[in-house]
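In what follows, a single structure is set out as structure tokens and then discussed.
Quick note: numbers below take in every heavy atom, side chains included, and nothing from hydrogens, waters or symmetry partners. All values derive from a computational prediction rather than experimental measurement.
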Amino acid sequence: AAVGALGLAGADGSAFPPNGDPLSVALRGGPARHDESLTLVRPDGGKVAILASHAPIIGPGGEIDGAISVLQDADQLRALDRAKDEFLTITAHELRNPLTSLQGNLQLLQRRVERDPDRGEDGERLATIIAQSERLAQLVGRLLDVSRAELGRLDLAPAATDGAVLVAGAVAAAEGLSADHRVRASVPERLPVVWDPVRIEQVVTNLVGNAVKHTGGGEIEVGLARVGGERVRLTVRDHGPGVPDEAKTRLFERYYRREGDGEAVPGDGLGLGLYISRLIARAHGGELSVADADGGGAVFTLDLPQRVGGGGGGGEGEAGATAG
């Protein structure tokens, strides 16, 4: 009776089957469920969007002693998230100006030191400082991307470009990430597109870097092809252990990082790379997804319109070519 009094329903307000609501499942010893979007139906018929977490309470003998149910008003959480995103936008924007000045002065100092053969050690230290300042600038940029996207301000700069050249260039730049991996690109000779080239290159670089980071070695295959006339599909496939099913549903959440993952190669360190990549894909009218690859490993698929805003152009001379 207590469970029914809660009036739990699905995110769209649809009723659960008898004893199929998350609390009843938890009371039967079902797996814990966290931050699930549901609807709370009030006795007067009103509905409240909530985030719900449920978990069984297991006794010392393995028996079910009860369950924990935590319900949060989603509207209040969204207001808090918006305030946080606005704060991040302001903070990240203010950090960029001094960082730009810092990097410029460091590079000037580095050039002066390099002209003095007796200051080789100072030059090496300056190079390390500059590399770390660039990494800090990337982190700030990613935080700014997240906050802008959440506030609906992730701007694109679409331009006519050759998608094949863009992807092949991003793959070539990523080849030095690891001596234990070989990155191979299979792209058309030519594929005219209208994308934001900087943003799409960012996605490709992140996907390849992610494959390097989570696999011990081997080949990483990057494919690009037209599908369905005016759509383009880019795939990044590795031969590693794959992505566990429980991680697939959370992999694109912001700040999510899989437990036990190390920093094998430079990364954002914040669990934002895949989150931002999916935002960029959706801003282009596309989608980014992950699945198990045939024969083992994982494959990330980026589906995009050939032209942002619709209307795909032709692309003569698109016979397949392989680079890498």
Side-chain angles (χ1 to χ4, degrees), residues 137-138 140-175 177 183-212 220-238 251-252 254 267-268 272-291 298-324:
Q138 291 173 358
V140 170
R142 286 176 182 253
L143 287 174
L144 190 57
D145 279 344
V146 170
S147 55
R148 282 175 171 171
E150 291 299 317
L151 295 170
R153 302 172 190 166
L154 182 62
D155 297 326
L156 298 181
T161 188
D162 188 330
V165 173
L166 187 157
V167 172
V171 168
E175 287 179 345
L177 286 176
V183 186
R184 182 172 63 89
S186 179
V187 301
E189 291 182 359
R190 182 171 179 267
L191 208 169
V193 296
V194 178
W195 295 338
D196 183 327
V198 174
R199 292 293 191 182
I200 296 303
E201 183 178 5
Q202 178 183 349
V203 174
V204 177
T205 300
N206 181 71
L207 292 178
V208 174
N210 191 66
V212 169
I220 297 169
E221 302 161 11
V222 182
L224 180 72
R226 286 179 59 179
V227 292
E230 298 182 354
R231 304 288 296 183
V232 176
R233 177 169 298 160
L234 181 140
T235 57
V236 177
R237 185 256 166 89
D238 63 60
L251 206 57
F252 299 99
R254 60 178 175 176
D268 57 35
L272 291 174
L274 289 175
Y275 174 76
I276 293 173
S277 294
R278 175 174 271 186
L279 290 178
I280 292 171
R282 290 178 173 175
H284 279 78
E287 186 56 88
L288 177 63
S289 59
V290 62
V299 57
F300 285 81
T301 300
L302 175 65
D303 278 307
L304 295 172
Q306 190 169 351
R307 296 173 180 267
V308 174
E316 58 273 23
E318 294 176 2
T322 298

Q. Do you know which two heavy atoms are closest between Ala170 and Glu201, and how far apart they sit?
A. CB-CG, 3.9 Å
(Q) Nearest 0.5 Å, please: how far is CZ in Arg307 from CH2 in Trp195? (A) 11.5 Å
**Q.** Check: Pro158 main-chain N/O paired with His284 side-chain donor or acceptor under 3.5 Å
**A.** no
Q. Does Ala298 offer a backbone N or O that forms a donor-acceptor pair with the side chain of Asp238 under 3.5 Å?
A. yes
Q. Has Arg233 got more than 12 heavy atoms of other residues, nucleotides or ligands less than 6.0 Å from its CZ?
A. no
Q) What are the two closest heavy atoms between Leu156 and Ala283, and how far apart are they? A) CD1-O, 3.4 Å
Q: Could you go through the side-chain contact (heavy atoms from CB on, under 4.5 Å) check for Val308 and Asp196 one step at a time?
A: CA-CA 8 Å; Val308 174; Asp196 183 327; over 6 Å; no
Q: May I ask you to decide if Pro192's main-chain N or O and Asp162's side chain share a donor-acceptor pair within less than 3.5 Å?
A: no
Q: List the atom of Pro188, the atom of Leu224, and the distance in Å for their closest heavy-atom pair.
A: CD-O, 3.3 Å
Q.
Ignoring hydrogens, what is the shortest heavy-atom contact between Ala157 and Pro197? Give both atom names and the distance.
A. O-CD, 3.9 Å
Q) For Leu274 and Phe252, which heavy atoms make the closest approach, and how far apart are they? A) O-CD2, 3.6 Å
Q | Point-to-point distance, once rounded to the nearest 0.5 Å, from CG of Leu251 to CG of Asn210 | A | 7.0 Å
Q: Measure the CD1-CG distance between Ile280 and Leu304 for me, rounded to the nearest 0.5 Å.
A: 10.5 Å
**Q.** Atom pair CG/CG of Leu234 and Leu207 - distance to nearest 0.5 Å
**A.** 7.0 Å
**Q.** Gap between atom OG of Ser289 and atom CG of Asp303 - 0.5 Å precision
**A.** 6.5 Å
(Q) Under the rule for side chain to side chain contact (heavy atoms under 4.5 Å, CB included), what residues qualify as partners of Arg282, not counting sequence neighbours? (A) Arg278, Glu287
Q: With side-chain contact (heavy atoms from CB on, under 4.5 Å) as the test, would you mind laying out the steps for Val299 and Glu221 before giving the verdict?
A: CA-CA 9 Å; Val299 57; Glu221 302 161 11; over 6 Å; no
Q: Specify the closest pair of heavy atoms between Leu288 and Ser277, including all atoms of both residues, with the distance to one decimal.
A: CD2-CB, 3.6 Å
